[in-house]
Structures are given as C-alpha cells and as structure tokens.
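The residues of the chain are indexed from 1 along the displayed sequence.
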Amino acid sequence: MVRNYSPLWRLVRDELAEEIRRGRLAPGDLLPTEQQLGERFDVHRHTIRRALQELREMGLVRTAQGRGSVVLEQPLDHKRPRRTRFSQELGLGGLDVRFHFLHGDLMHASDVVAEHLGLRPNARINYIESLGEVQGRRLFIVSHFLPHAGMEGLIEHYRQSGSLSRCLNLYGVEATFRAVSRISTRMASDEETRHLRHREKRPVLVVEYVNADSNGRPVEFGIARFCGDKMELVVPGG
C-alpha cells in the first residue's frame, strides 16, 4: 500500500501556480483570501500560508500591504510540439543519469493535470517526486503525474527500480515521446534548494512537458526543475 507523503501545501501551490501560468489568474489579479482558499482546497489556514510563501519565492505573486497576494507578470509562454525523448531534449545522452525516489502518492487529478493527461477531472492518478543526478551531481527534481487506471502498482515499481521507462514497459508502454514542452525560469523554493544541496537560492530552469506513447496518447505530465547555472537545454529543430 502506498502511503501519502506529499504535503498538502505542495498540492495547493502547484494548482495555483499552474492557474497563473495558464492565465486563469492574470497579472494584477488578487488571489482569493486565505479563508477562501482554505475552503476551496479543504485545508487549514497554515497550509495555505505555506503555499503562498512558496508562490512568492517562485516569483509568481507578491504581498500587497492591505490587499493580499497579487499575481505578477510572467514570462511569455512559448510552446512547440516535439517528438523528442527526455534525455535528448536535455542533452543528457551518454551521461550517467540516475533518478532517486523521493516520495509518491495516489491522488485525484486537478483540473490542470487531468487536462494534460486527457483524463476526467478528479480521476485517480499516480504522483511521483524524484531527484535526478548527472555524473553523481544533484542537478534536477521532477514531479511525475501518470494515470492510475491500467498502471496500478506503478509507484512501488518506481521506488524499487528508479527507472520510469522500465516501469512503463511493465504496462505495455514500450517508448514515450515528447509531445509538448514549456520552458521558464524562476528562483528555487526552499524545498528545492534543500534537495539540490545549495547553500543559497539559485535560479532553476523549469520544463513542463507531456510525454505520449506511440499512439499519441498522453502517459505522463511532468514538471522538471533544473539547476539553472549548471544545465544547458538543447531543443532540436524541425
């Protein structure tokens, strides 16, 4: 049985961050009050405060005295369809890349995650948080969201193997290809700084992506955060 290791504040943070990036919350908009957010997500007020703190550290909102949390202007969003593997896009081919399991949950998909995976809202999904090492150096963190139906037991398989592609093979997915990538930058959060073993906060390169199987069916939505001063992103032409 998989235990729920994911803090509630992280789920609140990710949902609000995605709404900001997708323009559902526009620059200059005020976020709902802590009480309203608490009622929406059915969580305690201290959970909302931690999520808002993370959003401030990510450069998505700022605190306006006497007004609340205001959405900040975000970088332009540039999307192009890709049929590219994860390691190829990041220029990691031939390097010693290893993934380490941090935690995993069985949860219900938010509207944003459900849309990326082509699922109905609130559908059950697998959620995995992993840490990536390249040549023995901690360089990135990835949040993986995958369907639960047809992939029961995926989290435990990943916990044991540390290879998502190997796990997907167990469920009949022989290969995955990059369908969409969205790239942005921001400052690392406290949690990301700790996992990446930085002494101070540094910029991170954020890659949100959807991987599809050979039939074009989405099988993974991911959010990868890379050390911005140690990684170079390679985007193929064509």
Side-chain angles (χ1 to χ4, degrees), residues 6-82 105 107-127 129 141-148 178-189 191-192 203-212 218-225:
S6 182
L8 292 174
W9 62 260
R10 182 184 292 117
L11 306 182
V12 175
R13 176 202 66 188
D14 290 348
E15 179 74 8
L16 292 175
E18 191 65 15
E19 290 182 5
I20 292 171
R21 294 193 181 104
R22 295 174 71 84
R24 295 176 182 174
L25 292 168
D29 284 353
L30 283 175
L31 293 185
T33 65
E34 292 181 0
Q35 180 178 345
Q36 291 170 331
L37 290 172
E39 293 173 354
R40 170 185 168 182
F41 292 101
D42 193 23
V43 297
H44 193 274
R45 184 168 291 184
H46 75 265
T47 300
I48 297 298
R49 288 174 180 167
R50 175 63 190 275
L52 293 176
Q53 175 188 338
E54 291 281 320
L55 291 175
R56 287 193 293 270
E57 293 176 354
M58 293 164 64
L60 297 178
V61 304
R62 66 176 177 84
T63 300
Q65 189 66 31
R67 297 181 61 204
S69 296
V70 180
V71 177
L72 295 175
E73 187 78 33
Q74 299 304 306
L76 292 176
D77 183 22
H78 177 62
K79 295 185 193 178
R80 289 187 63 190
R82 295 293 179 199
D105 297 333
M107 62 174 60
H108 295 286
S110 67
D111 291 346
V112 171
V113 172
E115 181 180 347
H116 282 304
L117 292 177
L119 302 174
R120 60 175 176 78
N122 212 38
R124 210 174 189 202
I125 60 169
N126 294 299
Y127 166 64
E129 193 86 357
I141 304 166
V142 187
S143 300
H144 312 267
F145 302 87
L146 304 100
H148 180 254
R178 185 60 47 86
V180 172
S181 292
R182 181 169 57 198
I183 306 164
S184 61
T185 59
R186 60 170 171 78
M187 294 300 293
S189 67
E191 183 184 30
E192 291 162 347
V204 287
L205 184 69
V206 182
V207 179
E208 298 183 16
Y209 62 89
V210 175
N211 280 340
V219 294
E220 179 196 4
F221 168 56
I223 305 175
R225 289 88 75 198

Chemist: Is there side-chain contact between Trp9 and Val43, with heavy atoms separated by less than 4.5 Å?
Modeler: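 Side-chain contact under 4.5 Å: no.
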
Chemist: Check whether any side-chain heavy atom of Glu34 sits under 4.5 Å from a side-chain heavy atom of Leu52, and report yes or no.
Modeler: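 Yes, close enough: below the 4.5 Å cut-off.
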
Chemist: What are the two closest non-hydrogen atoms of Arg186 and Val206, and how far apart are they?
Modeler: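 So the minimum-distance heavy-atom pair works out to NE-CG2, 3.7 Å.
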
Chemist: Side-chain contact test, heavy atoms from C-beta onward, threshold under 4.5 Å: evaluate it for Leu117 versus Pro147 and give yes or no.
Modeler: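 Yes, close enough: below the 4.5 Å cut-off.
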
Chemist: Is the shortest distance from a Lys or Arg side-chain nitrogen in Glu192 or Arg13 to a carboxylate oxygen in the other one below 4.0 Å?
Modeler: no

Chemist: Would you mind checking if Glu18 and Arg182 are paired as a salt bridge, meaning a charged N to carboxylate O distance below 4.0 Å?
Modeler: yes

Chemist: Measure across Ala26 and Val71 and return the closest heavy-atom pair with its distance rounded to 0.1 Å.
Modeler: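 Ala26 and Val71 have their closest heavy atoms at O-CB, 3.3 Å.
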
Chemist: Got a second to check how far Leu11's CG is from Thr47's OG1, nearest 0.5 Å?
Modeler: 10.0 Å

Chemist: Kindly indicate whether the side chain of Val112, heavy atoms from C-beta on, has any atom under 4.5 Å from the side chain of Asp14.
Modeler: no

Chemist: With a 4.5 Å cut-off on side-chain heavy atoms, are Leu55 and Leu16 touching?
Modeler: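 A side-chain contact under 4.5 Å exists here.
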
Chemist: Any idea which heavy atoms bring Leu60 and Ala17 closest together, and the distance?
Modeler: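 That would be CD1-CB, 3.5 Å.
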
Chemist: Please round to the nearest 0.5 Å and tell me the distance separating atom CG of Asp29 and atom CZ of Arg24.
Modeler: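 One finds 14.0 Å between CG of Asp29 and CZ of Arg24.
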
Chemist: Roughly how far apart are Leu119 CG and Arg124 CZ, rounded to 0.5 Å?
Modeler: 13.5 Å

Chemist: Do you know which two heavy atoms are closest between Val70 and Ala64, and how far apart they sit?
Modeler: CG2-CB, 3.6 Å

Chemist: Please determine if Glu191 and Arg225 form a salt bridge, counting it only when a charged side-chain N lies under 4.0 Å from a carboxylate O.
Modeler: no

Chemist: Can you find a heavy atom in the side chain of Asn126 that is under 4.5 Å from one in the side chain of His144?
Modeler: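 Answer no - side chains too far apart.
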
Chemist: Between Ala179 and Ala212, what is the shortest heavy-atom contact and its length?
Modeler: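 Taking Ala179 first and Ala212 second, the nearest heavy atoms are CB-CB, 4.3 Å.
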
Chemist: Looking only at non-hydrogen atoms, find the nearest pair between Arg10 and Pro7 and report the distance.
Modeler: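 Of all heavy-atom pairs spanning Arg10 and Pro7, the closest is NH1-CD, 2.6 Å.
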
Chemist: Can you tell me how far the CD atom of Glu220 sits from the OH atom of Tyr209, to the nearest 0.5 Å?
Modeler: 3.5 Å

Chemist: Are the side chains of Leu25 and Val61 in contact, using a 4.5 Å heavy-atom criterion?
Modeler: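 Contact flag for Val61/Leu25 side chains = no.
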
Chemist: What's the separation between atom CD1 in Ile125 and atom OG in Ser110, rounded to the nearest 0.5 Å?
Modeler: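 Here the rounded value is 7.0 Å.
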
Chemist: How long is the span from the CZ atom in Arg49 to the CD atom in Glu54, to the nearest 0.5 Å?
Modeler: 16.0 Å

